[in-house]
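Written below as structure tokens is the structure these notes are about.
This chain uses plain numbering: 1 for the first residue, then up along the sequence.
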Amino acid sequence: MQNLNNLDLNLLKALHALIEERNVSRAAERLNLTQPAVSTMLAKLRHRFNDPLFIRTAHGMIPTARAEALAQPVKAILDSIGILMQPVAFNPINLEYTFKLAGTENGIRTLGVPFALKLAHLAPKVKVVFLAVQGQDLNKNLADGVWDLAMTGQQQLDDRVHFDFLMGEEYGCAVRQDHPVLAQKWDLDAFCALEFVLVAYHGGHFTGATDEALARLGRSRTVKMSIGHFSLLPDLLKNSDLATVAPIHFLKTQNELILLKPPLVIEGYTKVMAWHAKTNYDPVQIWFRQVMKEVAKDIQPT
């Protein structure tokens with residue numbers, strides 16, 4: 001037998017059809033090919049296997065001993081390839097997986113927590129790991145499988161990283177109940193007279209989107225405190241006259257704070273989910289991403 005490294009898969013399909021049908025015309029019909037095309041393939045098979053494979057008789061084509069010996073291996077090969085080509089089927093109820101989700105503290109709180117709670121209902125055997133996205137190489141971590149999915153603002157992404165829109169985020173202003181500013185006229189002057197606490201994305205900064213918006217108006221504000229965690233914000237506000245400007249979806253969860261609309265236009269941002277190209281067609285990962293999309297839609301209906 002000749003080297004089969006370059007054997008055309010279509011030749012194996014033709015051999016399988018010929019073995020079962022024992023007739024060139026019926027094999028051609030089964031393969032949706034013309035009779036001459038199948039006859040040509042049979043000639044190639046005979047050359048490849050150095051055997052006539054089929055003997056014509058008055059009662060049709062009779063397989064040779066070589067063809068009969070090939071029948072089961074060829075069927076097994078084609079069956080295995082068929083299984084490989086089938087999409088992966090899974091039941092979320094039985095899915096066992098540790099899903100690694102990266103995001104900012106606010107992103108985890110706004111989207112990650114409801115995502116994990118929904119997974120606990122839909123796929124109870126799935127574990128979720130929350131990881132910080134700040135200061136990390138997003139493209140590398142997705143490529144290396146350190147993260148399955150990253151929630152981030154639109155930024156420079158590698159061309160091998162895919163992303164999809166999750167939600168738009170706006171900014172709101174918040175103060176404690178009974179804050180003196182609530183008894184005043186709420187305008188830009190009152191806003192600028194406040195002292196603020198800023199949640200800095202990378203920590204340690206005293207300016208952000210609000211200050212950029214104020215600068216365009218020729219105004220400024222006083223930021224007295226810079227913190228790296230949203231979890232500190234409610235206690236700081238409730239126990240002081242400090243104010244904050246923060247993502248509105250976070251502020252809406254703080255029932256003990258008073259939410260005010262900023263008296264100026266502060267540019268919001270878009271939150272996306274990003275994943276590596278290698279998981280783009282993975283059925284399990286596609287399902288996880290769909291769950292995240294449903295969570296985002298529940299939070300911010302379109």
**OP:** Find out whether Pro63 and Arg22 are in side-chain contact, i.e. whether some heavy atom of one side chain is under 4.5 Å from a heavy atom of the other.
**Re:** yes
Subject >> Glu170 atom CD, over 12 foreign heavy atoms within 6.0 Å >> reply: no
**OP:** State, yes or no, whether a side-chain contact exists between Leu259 and Ile248 at a heavy-atom distance under 4.5 Å.
**Re:** yes
In a table with atom names and distances, give each donor-acceptor pair under 3.5 Å that connects a side chain of residues 35-45 to protein atoms at least two apart or in another chain.
{"from": "Gln35", "atom 1": "OE1", "to": "Ser25", "atom 2": "OG", "distance (Å)": "2.9"}
{"from": "Ser39", "atom 1": "OG", "to": "Gln35", "atom 2": "O", "distance (Å)": "3.1"}
{"from": "Thr40", "atom 1": "OG1", "to": "Pro36", "atom 2": "O", "distance (Å)": "3.0"}

**OP:** Look up atom CG in Leu12 and atom CZ in Arg48, then write down how far apart they are to the nearest 0.5 Å.
**Re:** 9.5 Å
**OP:** Tell me whether Leu257 is reachable from Met225 by hopping between hydrophobic residues (I, L, V, M, F, W, Y) whose side-chain heavy atoms are closer than 4.5 Å.
**Re:** yes
**OP:** For the pair Lys13 and Asp8, find out whether any cationic side-chain nitrogen is under 4.0 Å from an anionic carboxylate oxygen.
**Re:** no
**OP:** Quick one: pull up CD1 in Ile266 and CZ in Arg216 and give me the separation to the nearest 0.5 Å.
**Re:** 9.5 Å
Original post:
Does Ile286 belong to the same Ile/Leu/Val/Met/Phe/Trp/Tyr cluster as Phe163, with side-chain heavy atoms less than 4.5 Å apart forming each link?
Top reply: no
Subject >> Atom pair OG1 (Thr279) and CG (Leu149), whose distance is rounded to the nearest 0.5 Å >> reply: 8.0 Å
Original post:
Between Asp189 and Arg219, is there a side-chain N and carboxylate O pair less than 4.0 Å apart?
Top reply: yes
Original post:
Is His205 reaching over with its side chain to a backbone N or O of Ala200, donor-acceptor style, under 3.5 angstrom?
Top reply: no
**OP:** Inspect the contact between Asp164 and Lys293 and indicate whether a charged nitrogen and a carboxylate oxygen are less than 4.0 angstrom apart.
**Re:** yes
Subject >> Spatial distance of atom NZ (Lys278) from atom CG (Leu142) [nearest 0.5 Å] >> reply: 9.0 Å
**OP:** Decide whether Ile299 and Val128 are clustered together by the hydrophobic rule: side chain heavy atoms of Ile, Leu, Val, Met, Phe, Trp, Tyr closer than 4.5 Å, transitively.
**Re:** yes
Subject >> Test item: Arg46 side-chain N/O and Phe54 main-chain N/O as donor-acceptor pair under 3.5 Å >> reply: yes
Original post:
What is the minimum heavy-atom distance between Ile19 and Ala67, and which atoms define it?
Top reply: CD1-O, 3.7 Å
Original post:
So, Asn280 and Trp275: side-chain donor and acceptor under 3.5 Å apart, yes or no?
Top reply: yes
Subject >> Separation of Glu195 CD from Arg221 CZ (nearest 0.5 Å) >> reply: 12.0 Å
**OP:** Taking the side chain as every heavy atom from C-beta outward, state whether Lys271 and Glu169 have any atom pair closer than 4.5 Å.
**Re:** no
Original post:
In Å, rounded to the nearest 0.5 Å, how long is the span from CD1 of Ile77 to NZ of Lys75?
Top reply: 12.0 Å
Subject >> Atom of Leu194, atom of Ala243 and distance for their closest heavy-atom approach >> reply: CD1-CB, 3.8 Å
Original post:
Would you say the side chain of Lys127 lies within less than 4.5 Å of the side chain of Phe99, judging by non-hydrogen atoms?
Top reply: no
**OP:** Assess whether side-chain contact (heavy atoms from CB on, under 4.5 Å) is satisfied between Leu101 and Val129, documenting all intermediate values.
**Re:** CA-CA 6 Å; Leu101 178 64; Val129 178; over 6 Å; no
**OP:** Would you please test Leu237 and Leu233 for side-chain contact (heavy atoms from CB on, under 4.5 Å) and show each step?
**Re:** CA-CA 6 Å; Leu237 295 180; Leu233 193 56; 4.0 Å; yes
**OP:** Using modelled atom types only, decide if a donor and an acceptor are shared between the side chain of Ser240 and the backbone of Leu242 within a distance under 3.5 Å.
**Re:** yes
Subject >> Heavy-atom closest pair, residues Lys140 and Asp144 >> reply: NZ-OD2, 2.6 Å
Original post:
Counting distance only, does the side-chain N/O of His229 pair as donor-acceptor with the main-chain N or O of Ser231 below 3.5 Å?
Top reply: no
Original post:
Are Val199 and Phe130 connected, step by step, through hydrophobic side chains (Ile, Leu, Val, Met, Phe, Trp, Tyr) whose heavy atoms are closer than 4.5 Å?
Top reply: no
Original post:
Is Arg176 reaching over with its side chain to a backbone N or O of Asp178, donor-acceptor style, under 3.5 angstrom?
Top reply: yes
**OP:** Please test Thr270 against Met167 for side-chain contact (heavy atoms from CB on, under 4.5 Å), starting from the C-alpha separation and ending with a verdict.
**Re:** CA-CA 6 Å; Thr270 297; Met167 60 188 291; over 6 Å; no
**OP:** Check for a donor-acceptor pair, side chain of Arg160 on one end and backbone N or O of Ala277 on the other, with a separation under 3.5 Å.
**Re:** no
Original post:
If you draw a 6.0 Å radius around CG in Asn32, do more than 12 non-hydrogen atoms from other residues or ligands fall strictly inside?
Top reply: no
Subject >> Worked verdict on Tyr97 versus Gln285 for side-chain contact (heavy atoms from CB on, under 4.5 Å) >> reply: CA-CA 11 Å; Tyr97 190 83; Gln285 295 292 331; 3.1 Å; yes
Original post:
Does a side-chain heavy-atom distance below 4.5 Å link Leu70 with Leu53?
Top reply: yes
Subject >> Minimum-distance pair of heavy atoms, taken over all atoms of Trp287 and Ala123 >> reply: CH2-CB, 3.9 Å
Subject >> Closest contact, heavy atoms only, Gly107 versus Met151 >> reply: O-CE, 3.5 Å
Original post:
Salt bridge check: are Arg30 and Glu20 linked by an N-O gap of less than 4.0 Å?
Top reply: yes
Original post:
Counting heavy atoms not belonging to Glu21, are there more than 12 under 6.0 Å from its CD?
Top reply: yes
**OP:** Would you kindly confirm whether Met273 and Leu122 end up in one hydrophobic cluster when ILVMFWY residues are joined by side chain heavy atoms under 4.5 Å apart?
**Re:** yes
Original post:
Are the side chain of Glu267 and the backbone N or O of Ala213 linked by a donor-acceptor pair below 3.5 Å?
Top reply: no
Original post:
Could Glu256 and Lys238 be called an ion pair, given the rule that one side-chain N must be under 4.0 Å from one carboxylate O?
Top reply: yes
Original post:
Closest heavy-atom contact between Phe49 and Leu15?
Top reply: CE1-CD2, 4.2 Å
Original post:
Thr244 and side-chain contact (heavy atoms from CB on, under 4.5 Å): which partner among Leu198, Ile227, Val175, Leu251?
Top reply: Leu251
**OP:** Decide yes or no for Leu131 and Asn141: does some side-chain heavy atom of the first lie under 4.5 Å from some side-chain heavy atom of the second?
**Re:** no
Original post:
So do Met61 and Val24 actually touch side chain to side chain, heavy atoms under 4.5 Å?
Top reply: yes
Original post:
Are side-chain heavy atoms of Val146 and Lys100 found at a separation under 4.5 Å?
Top reply: no
Original post:
Do the rings of Trp186 and Phe191 sit parallel, tilted or perpendicular, given the 30° and 60° boundaries?
Top reply: perpendicular
